[in-house]
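Each chain gets a letter, A, B and so on, in the order its sequence line appears, and its residues count up from 1.
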There are 2 protein chains.
Amino acid sequence: MSDNPAEKLVTEFENGEDFCCDLPHAHHSDPAKLSQPETLTVEKAQRMSEFLGFLADTNRLRILSMLADKEMCVGDLAIALEMNESAVSHQLRTLRVIRLVSFRKQGRHVFYRLQDHHVLDFYKAIVEHLDEATA
Amino acid sequence: MSDNPAEKLVTEFENGEDFCCDLPHAHHSDPAKLSQPETLTVEKAQRMSEFLGFLADTNRLRILSMLADKEMCVGDLAIALEMNESAVSHQLRTLRVIRLVSFRKQGRHVFYRLQDHHVLDFYKAIVEHLDEATA
DNA sequence: CTAACACATGAACAAGTATTCATATATAGA
DNA sequence: TCTATATATGAATACTTGTTCATGTGTTAG
């Protein structure tokens, strides 16, 4: 919300042809400038893709969707989502590892919930953006 | 690789116990209410995960990061990202298919750019949220 | 104690995917 | 025309990942 990177839109092209492409690949952009400040470093891109990859699963999204509404235990999640309990447990483990959910134990049950409001906000943001994108 | 489960925070009271869990799984939530309005349908979760999956790749993110700044041709992207040209072309193809980028041909070159502002907005939103999330 | 239950976890298998290599198409220049 | 360049694409390979099955751990009830 604070930073506004790469605001410069992509709507300028035309005029083409003569200001470049004369030599066998005489780079169309200044090589020294290939790494702008806004450009993702490899490391950051890796962290981002890793995180998005964790989100990019139908059942994990459905689990998060459930937990966005209220905390639930493993068995009920399995029933509600019509999934194998083991599968749910495995998915919850990965969600736990990346700190998207936390849990509390109560007797034989383990109740899971979204870790914090950031997760909920991000989840909602994705849903909204994707409603537009895939409309 | 970060194998550091969030196993803390678990410190919750133990009391409870009697207001539920009497029967062998007498669901903790009303079965009739398992599908709330906010709950993702399977179809929507699938579309979302598919879309997120396309984004969940280090090199695709780096390509988008580049194109967020300005349009670029395949060869320059390959050089800037130190990737095989073929790999870049393949990735651009998938980005094209899901309409995240568009292109214009100019002589032997093909210049790619982000498809529209939604893509840029979404990309920025992710970067911001992940800055918080992975900070 | 013993049995039933709730959940976790490791291993194995299946399905998906990114990269590379070889090749194809298309354009520009000689 | 022929050659070099720029990009695209199919196939093969290697890698990742989600699910299932079997089993292990911990808890409650009888």
What string of B, S and - do you get for nucleotides 14-22 of chain D, 5' to 3', when a contact is any protein heavy atom under 4.0 Å?
----SSBBB

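Taking 4.5 Å as the limit, every side-chain heavy atom of B:Q115 sits out of range of all side-chain heavy atoms of B:V101. Looking at A:L100 and A:L114, their side chains never come closer than 4.5 Å, going by heavy atoms from C-beta outward. You'll find the side chain of A:R60 stays beyond 4.5 Å of the side chain of A:L55, heavy atoms only.
One atom, CZ of A:F111, and another, P of C:dA6, lie 11 Å apart when rounded to the nearest Å. Per the geometry, CD belonging to B:Q46 stands 15 Å off C1' belonging to C:dA15, to the nearest Å. Distance CD (B:E85) to P (C:dA22): 16 Å, rounded to an integer number of Å. Spacing between atom NZ of A:K105 and atom P of D:dT27 amounts to 7 Å, rounded to whole angstrom units. A straight line from CZ of B:R93 to P of C:dT19 spans 15 Å, rounded to a whole angstrom. Rounded to whole angstrom, the span from the CG atom of B:L77 across to the P atom of D:dT7 amounts to 9 Å. Counting to the nearest Å, the P atom of C:dA18 and the CZ atom of B:R62 are 15 Å from each other. One interatomic measurement links the two molecules: CG of A:D76 to P of C:dA6, which rounds to 9 Å at whole-angstrom precision.
Shown here are the side chain to side chain contact (heavy atoms under 4.5 Å, CB included) partners of B:V110, two or more places apart in sequence or in another chain: B:F103, B:K105, B:Y112.
Using a 4.0 Å heavy-atom cutoff across all strands shown, A:Y112 reaches sugar-phosphate atoms only and no base atom.
Note on A:R96: a side-chain N or O is less than 4.0 Å away from OP1 or OP2 of C:dT9. Put simply, A:R108 has no side-chain N or O that comes within less than 4.0 Å of OP1 or OP2 on C:dA3.
Remark: the B:Q106 side chain and the B:R104 side chain contain an N/O donor-acceptor pair separated by less than 3.5 Å.
Note: B:H109 NE2 to B:D76 CG = 8.0 Å, rounded to the nearest 0.5 Å.
One hydrophobic cluster, built from ILVMFWY side chains closer than 4.5 Å, holds both A:L120 and A:I63.
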